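A quick write-up on the structure given underneath.
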There are 2 protein chains.
Amino acid sequence: MENIPSIKPTESELEILQILWQLGKATVRQVNNELSKMKEVGYTTTLKLLQIMHEKHIVSRTEEGRYHLYQAEIGEEQTQQLLLGKFVDATFRGSAMKLVMQALGNQEVSLDELDEIKKLIAEKEKNLNL
Amino acid sequence: MENIPSIKPTESELEILQILWQLGKATVRQVNNELSKMKEVGYTTTLKLLQIMHEKHIVSRTEEGRYHLYQAEIGEEQTQQLLLGKFVDATFRGSAMKLVMQALGNQEVSLDELDEIKKLIAEKEKNLNL
DNA sequence: TTTTGTTTACGAATGATTTCGTAGCAAATG
DNA sequence: CATTTGCTACGAAATCATTCGTAAACAAAA
């Protein structure tokens, strides 16, 4: 879980990563079960995806008796950071500000969450004033 | 420019949309010139992409003498909104809050921009308190 | 022991996206 | 007028991502 991710996981890979980030280690079966809650997907499809991700060093795996346990090799926050950067560039021409405004304006955010954001902003302002 | 976009433009299509949103109407040549500033790309590649986008009604075109003028048919903000929603779901499991925190924490945002965000938050709080 | 079920491995089909070569015109140039 | 230049149209190759069928290994169940 140390490597700084530099390659973008594909959409399907990201779905699997989300599951692995939540489960920690998991078998193909487990991943496939989770995936099946969201969409139709064959077992060997999930298997193949995990194998490809293993080749790419996106996940590691350990043999546990007869089956394999897979685990995310790239961190959740690091990956989010990477994807966020690319997304801001591609969609908001690099303006994180615009993205934040749109997210606050139109996505669901609660009062408590707004408070948290205010705190973070206060922090940032302190740092910028140094 | 009225249709609410429901289909996701591909990455290449989004690059072209960014250019069209900035230029308004543009010829293939103009789009290709802009694109060339960012990456190697053949003229006919750009042309083909614009033709495909035209088929999909992502762009409209008008004949202007010998050439065609292309124009975005889907709005910038609407498209950003659509993509943002999908991105939040795929990358932050639906939590716009997490996305905002990460964006504020790690992307470049200036003091003035932070002020703007504070204003927006104040607005939001007012609305939530009704 | 035989059958059934669960696993991994792997090749190949499918499908979507991107890239580009070629052709056909029309306008500009010599 | 002949040639060159610049445009659109279009098919097809190349690339990438996803899906799945089949086989082989092996354990568990009958």
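Just so it is clear, the model here is predicted, and its values are computed rather than measured. Chain naming here is simple, since letters A, B, ... match the order of the sequence lines and numbering starts at 1 in each.
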With side chain to side chain contact (heavy atoms under 4.5 Å, CB included) as the criterion, how do B:Arg61 and B:His68 come out once you've worked through the C-alpha distance, each side chain's angles and the decisive distance to 0.1 Å? CA-CA 6 Å; B:Arg61 81 183 178 192; B:His68 291 162; 3.6 Å; yes

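- For the pair A:Glu64 CD and C:dT7 C1', the interatomic distance rounds to 15 Å; values are reported in whole Å.
- One distance of note links CZ of B:Phe92 with CG of A:Leu84; it measures 5.0 Å at 0.5 Å rounding.
- Rounded to an integer number of Å, the gap from B:Ile52 CD1 to C:dG15 P is 17 Å.
- Along DNA chain C, the nucleotide nearest to A:Lys48 and the one nearest to A:Tyr67 differ in position, and the one closer to the 5' end is contacted by A:Tyr67.
- Ring geometry for B:Phe87 against A:Phe87 counts as parallel: the plane angle stays under 30°, on a 0 to 90° scale with 60° as the upper cut.
- Only B:Gly42, B:Thr44, B:Thr45, listed by number, bring a heavy atom of residues 39-47 of chain B to less than 4.0 angstrom from any atom of DNA chain C.
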Check against side chain to side chain contact (heavy atoms under 4.5 Å, CB included), A:Val59 and A:Gln71: CA-CA 5 Å; A:Val59 300; A:Gln71 183 172 24; over 6 Å; no

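- One N or O donor and one acceptor, one from the side chain of A:Arg66 and one from the base of C:dT6, sit under 3.5 Å apart.
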Might you work through the side chain to side chain contact (heavy atoms under 4.5 Å, CB included) test for B:Tyr43 and B:Arg29, ending with a clear yes or no? CA-CA 7 Å; B:Tyr43 178 86; B:Arg29 177 72 48 197; 3.5 Å; yes

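- Between A:Arg29 and C:dT8 there is no side-chain N or O to OP1 or OP2 distance below 4.0 Å.
- Along DNA chain D, read 5' to 3', the first and last nucleotides having any atom under 4.0 Å from a heavy atom of chain A are D:dA17 to D:dA27.
- When the shell of 6.0 Å around OH of A:Tyr67 is examined, it contains 12 or fewer heavy atoms from other residues, nucleotides or ligands.
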Side chain to side chain contact (heavy atoms under 4.5 Å, CB included) between B:Ile74 and B:His57: does it pass, once the steps are laid out? CA-CA 8 Å; B:Ile74 61 181; B:His57 306 289; over 6 Å; no

The test is salt bridge (charged side-chain N to carboxylate O under 4.0 Å, His left out); show your working for B:Arg93 and A:Glu76 and say whether it passes. CA-CA 11 Å; B:Arg93 286 193 216 116; A:Glu76 177 165 17; 3.3 Å; yes

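- At a non-hydrogen distance threshold of 4.0 Å, B:Thr10, B:Glu11, B:Ser12 from residues 8-18 of chain B come into contact with DNA chain C.
- Looking at B:Glu34 and B:Lys37, a side-chain N of the basic residue comes within less than 4.0 Å of a carboxylate O on the acidic one, giving a salt bridge.
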Which pairs of donor and acceptor atoms, one on a side chain in residues 8-15 of chain B, lie under 3.5 Å apart (sequence neighbours left out)?
residue: B:Lys8; atom: NZ; partner: A:Glu11; partner atom: OE2; Å: 3.0
residue: B:Thr10; atom: OG1; partner: B:Glu13; partner atom: N; Å: 3.3
residue: B:Glu11; atom: OE2; partner: A:Lys8; partner atom: NZ; Å: 3.0
residue: B:Glu13; atom: OE1; partner: B:Thr10; partner atom: N; Å: 2.8
residue: B:Glu13; atom: OE2; partner: B:Lys56; partner atom: NZ; Å: 2.7
residue: B:Glu15; atom: OE1; partner: B:Lys39; partner atom: NZ; Å: 3.0

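- Residues A:Glu125 and B:Lys118 are paired through a salt bridge, judged by an N-O separation under 4.0 Å between the basic side chain and the carboxylate.
- As rounded to whole Å, 10 Å separates atom C1' of C:dT8 from atom CD of A:Glu63.
- Between the CD atom of A:Gln30 and the C1' atom of C:dT6 there is a distance of 15 Å, given to the nearest Å.
- Among residues at least two apart or in separate chains, there is no side-chain hydrogen bond (donor to acceptor under 3.5 Å, both in side chains) pair with a member in residues 82-91 of chain B.
- Each end of the helix from C:dT1-D:dA30 to C:dG30-D:dC1 gets its own axis, taken as the rotation carrying the C1' atoms of four end pairs onto the next four within a five-pair window, and the two axes meet at 20° to the nearest 10 degrees.
- Distance, A:Arg61 CZ to C:dT7 C1': 12 Å, rounded to whole Å.
- Remark: the backbone N or O of B:Leu120 is not paired with any side-chain donor or acceptor of B:Glu123 at under 3.5 angstrom.
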